[in-house]
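Since we're looking at a predicted model, the values are computed, not measured. Residue indices begin at 1 and follow the sequence shown.
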Amino acid sequence: MRPPGFRNFLLLASSLLFAGLSAVPQSFSPSLRSWPGAACRLSRAESERRCRAPGQPPGAALCHGRGRCDCGVCICHVTEPGMFFGPLCECHEWVCETYDGSTCAGHGKCDCGKCKCDQGWYGDACQYPTNCDLTKKKSNQMCRNSQDIICSNAGTCHCGRCKCDNSDGSGLVYGKFCECDDRECIDDETEEICGGHGKCYCGNCYCKAGWHGDKCEFQCDITPWESKRRCTSPDGKICSNRGTCVCGECTCHDVDPTGDWGDIHGDTCECDERDCRAVYDRYSDDFCSGHGQCNCGRCDCKAGWYGKKCEHPQSCTLSADESIRKCQGSSDLPCSGRGKCECGKCTCYPPGDRRVYGKTCECDDRRCEDLDGVVCGGHGTCSCGRCVCERGWFGKLCQHPRKCNMTEEQSKNLCESADGILCSGKGSCHCGKCICSAEEWYISGEFCDCDDRDCDKHDGLICTGNGICSCGNCECWDGWNGNACEIWLGSEYP
């Protein structure tokens with residue numbers, strides 16, 4: 001038998017424990033069950049009240065909709081990336097603002113959905129320095145988008161960083177250059193983002209299964225699997241990679257600007273009439289070199305003509321393969337992709353342009369010009385598409401002087417990209433200009449921040465050989481158009 005003093009100690013300890021638990025906030029209360037599996041000692045209404053955010057009425061989401069309520073205590077769970085935590089599951093480790101792909105811009109820490117900025121930085125994403133050491137010209141330069149527009153005309157520039165116009169506090173305008181406007185995703189009738197049936201990313205709706213339309217406003221009456229099956233072409237590709245599948249029907253990429261029956265057609269976009277043209281001209285019906293009939297992208301030649309595109313007269317003593325081999329030379333494409341092959345001879349295009357020449361059209365002196373049309377930067381001569389620089393100059397377009405009249409510090413300041421890295425870490429700095437890595441041929445741009453692999457290709461060539469790649473976009477030569485400069489718009493058809 002225990003002494004009375006021990007019994008009094010237990011009573012005192014129990015009283016202190018009960019008082020301590022009563023002092024804990026309701027949201028931190030432990031499960032009020034006598035043992036695991038036992039009935040909850042709280043009523044359902046009281047249990048749910050403790051699991052709701054303060055001020056929320058009955059019926060509101062429990063545990064912020066991110067967990068389940070177990071006898072007045074939130075047990076957090078997620079169905080999306082990241083981790084939820086907090087007494088009411090109110091905190092999410094991934095909900096802090098980002099800037100240029102970095103949480104809190106790399107200048108702060110994420111604390112329950114809000115950025116706590118390091119000293120010297122401020123903003124929702126800690127993206128703005130408190131003290132700016134940039135000139136206004138340099139600041140504006142860093143705020144220009146790929147179209148050379150400051151903050152996409154949707155914000156203001158502050159020390160080389162864009163502040164997007166969100167006066168209503170919606171946060172729907174965002175992006176490094178304020179290029180994304182999610183207001184474009186709001187359904188006019190329901191006023192919901194993507195009609196409540198999808199998610200918006202940078203002004204475009206990505207619909208849930210069974211919904212389609214610009215704002216996910218239309219519902220599909222067949223399953224996604226049946227839709228995919230109907231859109232699959234004989235070669236196993238969705239709409240032959242030439243169209244978009246919408247509810248089991250292919251919408252082909254129609255390249256005809258009139259909106260009439262386009263060059264790409266068929267139930268699964270399997271027919272491409274452009275394959276019947278030696279040189280594609282969107283305004284001409286001159287298929288199969290004018291010597292045949294085009295049937296679903298294949299030429300049926302008239303008598304006296306032959307070849308994949310009916311380009312060879314029967315009078316030519318060369319076979320089609322021999323003709324192409326003669327026109328190829330050292331290139332992978334006949335006439336280097338810059339001309340028309342007839343009986344082993346190349347006719348370079350555009351017609352009459354002396355900058356494209358050679359037996360197999362292998363020389364293209366347009367490659368020596370910058371976007372302003374200056375040949376070799378004015379400091380060299382062009383020979384078969386390559387610059388021969390004058391003494392004292394070097395570079396692909398002779399744009400770099402060998403002697404520099406500025407200090408190393410001045411030079412480095414001019415070579416820093418928007419993220420503060422010298423030439424984006426992909427080149428070296430010389431006299432205030434970046435020289436991009438020669439080993440990575442596809443790196444270009446003023447700060448080596450462009451990847452020319454992003455430019456569209458046609459027939460295996462970047463910009464089809466009819467333009468130059470400028471920071472991921474094709475700048476076409478005169479007479480050519482299209483995302484990959486594959487469309488001939490010249491007045492004379494070669």
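Disulfide criterion (SG-SG under 2.5 Å) for Cys231 and Cys239: not met. Remark: SG of Cys434 is not found under 2.5 Å from SG of Cys415. Distance check for Cys389 and Cys376: the SG atoms are not under the 2.5 Å cut-off. Cysteines Cys63 and Cys89 are not disulfide-linked, with SG atoms at least 2.5 angstrom from each other. Remark: Cys132 SG to Cys159 SG, distance under 2.5 Å. Sulfur-to-sulfur, Cys341 and Cys335 sit at least 2.5 Å apart at their SG atoms. Not less than 2.5 angstrom separates the SG atom of Cys474 from that of Cys455. With Cys200, the cysteine Cys185 has an SG gap short of 2.5 Å.
Annotation: side chain of Cys76 is not in contact with side chain of Arg66 (no heavy-atom distance under 4.5 Å). Looking at heavy atoms from C-beta onward, Ile149 lies out of side-chain contact with Arg144 at the 4.5 angstrom threshold. The side-chain heavy atoms of Leu414 and Met406, taken from C-beta on, include a pair separated by under 4.5 Å. Side-chain contact between Phe447 and Ser424: present, with at least one pair of heavy atoms (C-beta onward) separated by less than 4.5 Å. Arg50 has its side chain out of reach of Val73: every pair of non-hydrogen atoms, C-beta onward, lies at least 4.5 Å apart. Counting heavy atoms from C-beta outward, Leu62 and Arg68 have side chains that stay 4.5 Å or more apart. You'll find the side chain of Cys423 stays beyond 4.5 Å of the side chain of Ser428, heavy atoms only.
The shortest non-hydrogen separation linking Lys359 to Cys346 is O-CB, 3.6 Å. Residues Thr130 and Tyr122 approach most closely at CG2-CD2, 3.8 Å, considering heavy atoms. Between Cys178 and Cys162 the shortest heavy-atom distance is SG-CB, 3.7 Å. When every heavy atom of Cys143 is checked against every heavy atom of Gly160, the shortest pair comes out as SG-C, 3.4 Å. Counting all heavy atoms, side chain and backbone alike, His158 lies closest to Pro129 at NE2-O, 3.9 Å. Nearest heavy atom pair, residue Cys74 against residue Pro87, reads CB-O, 3.4 Å.
Side-chain contact check for Asp365 and Tyr357: at least one donor-acceptor pair (N or O, by modelled atom type) lies under 3.5 Å. Looking only at atom types and distance, the side chain of Thr360 has a donor-acceptor partner in the side chain of Glu362 under 3.5 Å away. Judged by distance alone, the side chains of Gln141 and Glu446 do bring a donor and an acceptor atom under 3.5 Å apart. Using modelled atom types, one finds a donor on one side chain and an acceptor on the other under 3.5 Å when comparing Asn145 with Ser152.
Note: Cys205 SG to Ile193 CD1 = 7.5 Å, rounded to the nearest 0.5 Å. Atom SG of Cys164 is separated from atom CZ of Phe177 by 11.0 Å, given to the nearest 0.5 angstrom. From Thr98, atom OG1 reaches atom CG of Asp124 across 11.0 Å, with rounding to the nearest 0.5 Å. Taking NE2 from His212 and NE2 from His197, the interatomic distance works out to 11.5 Å, rounded to the nearest 0.5 Å. The SG atom of Cys110 sits 10.5 Å away from the NZ atom of Lys116 when rounded to the nearest 0.5 Å. Between the CD1 atom of Ile443 and the SG atom of Cys436 there is a distance of 7.0 Å, given to the nearest 0.5 Å.
When atom types are taken as modelled, the side chain of Gln399 and the backbone of Leu397 share a donor-acceptor pair closer than 3.5 angstrom. Side-chain atoms of Arg161 come within 3.5 Å of backbone atoms of Gln127 as a donor-acceptor pair (strictly under, hydrogens ignored). Side chain of Asp187 to backbone of Glu191: no donor-acceptor contact under 3.5 angstrom is found. A donor-acceptor pair under 3.5 Å links the side-chain atoms of Asp182 to the main chain of Gly203, judged by distance alone. Between the side chain of Ser383 and the backbone N or O of Arg386 there is no donor-acceptor pair closer than 3.5 Å. Of the possible donor and acceptor atoms, none in the side chain of Gln56 sits under 3.5 Å from a partner among the backbone N and O of Pro54. In this structure, the side chain of Asn166 engages the main chain of Val173 through a donor-acceptor pair within 3.5 Å. No donor-acceptor distance shorter than 3.5 angstrom exists from the side chain of Asp111 to the backbone of Lys114, with no hydrogens or angles considered. Arg242 places a side-chain N or O within 3.5 Å of a backbone atom of Cys269 that can act as its donor or acceptor partner. Judged purely by atom type and a 3.5 angstrom limit, Glu270 uses its side chain to pair as donor or acceptor with the backbone of Thr268.
The ring-ring contact (aromatic ring centres under 6.0 Å, His included) test applied to Tyr206 returns no partner, not counting sequence neighbours. Remark: Phe394 pairs with His400, His430 by the ring-ring contact (aromatic ring centres under 6.0 Å, His included) rule, at least two apart or across chains.
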Practice item. Tell me, with the steps shown, if Lys109 and Thr103 meet side-chain contact (heavy atoms from CB on, under 4.5 Å). Key: CA-CA 8 Å; Lys109 293 182 179 180; Thr103 301; over 6 Å; no
- prompt: Should Cys104 and Cys117 be marked as a side-chain contact (heavy atoms from CB on, under 4.5 Å) after you check the CA-CA gap, both sets of side-chain angles, and the distance that decides it?
  reply: CA-CA 7 Å; Cys104 302; Cys117 303; over 6 Å; no
message: Run Lys412 and Glu409 through salt bridge (charged side-chain N to carboxylate O under 4.0 Å, His left out) and show every step you take.
response: CA-CA 5 Å; Lys412 286 183 177 179; Glu409 189 64 29; 5.9 Å; no
>> disulfide (SG to SG under 2.5 Å) for Cys382 and Cys387? Distances and angles first, verdict last.
In response: CA-CA 5 Å; Cys382 187; Cys387 285; 5.4 Å; no
Between Ile238 and Thr232, does the side-chain contact (heavy atoms from CB on, under 4.5 Å) criterion hold? Intermediate values first, please. CA-CA 5 Å; Ile238 302 298; Thr232 301; 3.6 Å; yes
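Crowding of Glu192 atom CD: a count of heavy atoms from other residues, nucleotides or ligands under 6.0 Å exceeding 12. Atom NZ of Lys138 is surrounded by more than 12 heavy atoms from other residues, nucleotides or ligands within 6.0 Å. The neighbour count for Lys163 NZ, taken as heavy atoms of other residues, nucleotides or ligands under 6.0 Å away, is above 12. For Asp214, the CG atom sits in a loose shell: 12 or fewer heavy atoms of surrounding residues, nucleotides or ligands are nearer than 6.0 Å.
At least one cation-pi condition fails for Lys176 and Tyr99: the charged atom is not both under 6.0 angstrom from the six-membered ring centre and inside a 45 degree cone around its axis.
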